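For the numbers below, each heavy atom of this structure counts, side chains included, while hydrogens, waters and symmetry mates do not. All values derive from a computational prediction rather than experimental measurement.
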Amino acid sequence: MRVEIWTDVACPWCYVGRARFDRGLAAFAHRDEVEVVHRSFELNPEAENGTVPIIDAVAAQYGRTREQQVAREEQAAAMAREVGLDFRIGGRVFGNTFDVHRLIHFARSHGRQAEITDLAFRANFAEERSIYDKETLVALAVEAGLDEASARKVLDDPTAFAEDVRADERLAAEMGAGGVPFFVLNRRYGVSGVQSPETFTRALEQAWADRAAA
């Protein structure tokens, strides 16, 4: 059985949602027979990489006060800590995640997609390292077990794995995914948002039962 997960590594709800999914998958009897594929989704494809603090940028984007956005960050941090994730508030910056997604596709071609996705989430939310900085991304690639020179080559070529990212985004649109996280089980069931681990386990069980009956 295949589960496809659309996320953006700049999305706090994706950070939490993936961890909850992992818990739900761990409780699924056939977890060793589930292939998990991470797919790309850009929350802000038109954004420029800069130094604008994430709280100020997102507050302006959605018409919130700074206090309201800080409260949402605190909510996300509390949810992250419930599933054992570190989450710092206030130090991240706003930017374009296209290069991160290209690097994740490069990692997938070497069987290291899950590793680098986890590392990118951790770098962004737990460590407040800029995921928009090339040297940070190269370091994450090396930590994930990828070749440094090859990772640099990918990041230096804006066309490398670009079509893979765009294909994921087109597929998300075809499936009606307007936001992330978005989980698709066997191309038949969709689960959106930050659900409980139990909800994910039930969805996996239903998809498995339907698969077996088909």
Practice task
Evaluate the criterion salt bridge (charged side-chain N to carboxylate O under 4.0 Å, His left out) for residue pair E73 and R66; output intermediate values, then yes/no.
Solution key: CA-CA 10 Å; E73 286 275 306; R66 195 174 196 282; over 6 Å; no

Fill in the blank from the handout: Tracing side-chain contacts under 4.5 Å among Ile, Leu, Val, Met, Phe, Trp and Tyr outward from F98 reaches V165

Exercise for the section: Check for a donor-acceptor pair, side chain of N44 on one end and backbone N or O of N96 on the other, with a separation under 3.5 Å. Expected result: no

Fill in the blank from the handout: Which of D164, V154, T97 passes side chain to side chain contact (heavy atoms under 4.5 Å, CB included) with R102? It is V154

Handout entry: Side-chain (T7) to main-chain (V9) donor-acceptor, under 3.5 angstrom
Key = no

Handout entry: Cationic N near anionic O, under 4.0 Å, E169 to R166
Key = yes

Exercise for the section: Could you tell me whether E127 and R88 have a side-chain N and a carboxylate O separated by less than 4.0 Å? Expected result: no

Exercise for the section: May I ask you to decide if T199's main-chain N or O and S196's side chain share a donor-acceptor pair within less than 3.5 Å? Expected result: yes

Problem - Salt bridge present between E174 and R170 (N-O < 4.0 angstrom) - result: no

Handout entry: N-O pairing of D156 and K134 below 4.0 Å
Key = yes

Handout entry: Salt-bridge contact E198-R23 (side-chain N to carboxylate O under 4.0 Å)
Key = no

Problem - Ring centres under 6.0 angstrom apart (F41, F182) - result: no

Handout entry: Side-chain ion pair, R92 and E128, N-O less than 4.0 Å
Key = no

Exercise for the section: For the residue pair D133 and S130, confirm or rule out a side-chain donor-acceptor distance under 3.5 Å. Expected result: no

Handout entry: Presence of salt bridge, E135 and R152, under 4.0 angstrom
Key = yes

Exercise for the section: Could you tell me whether a side-chain N or O of E115 sits under 3.5 Å from a main-chain N or O of G145, the two making a donor and an acceptor? Expected result: no

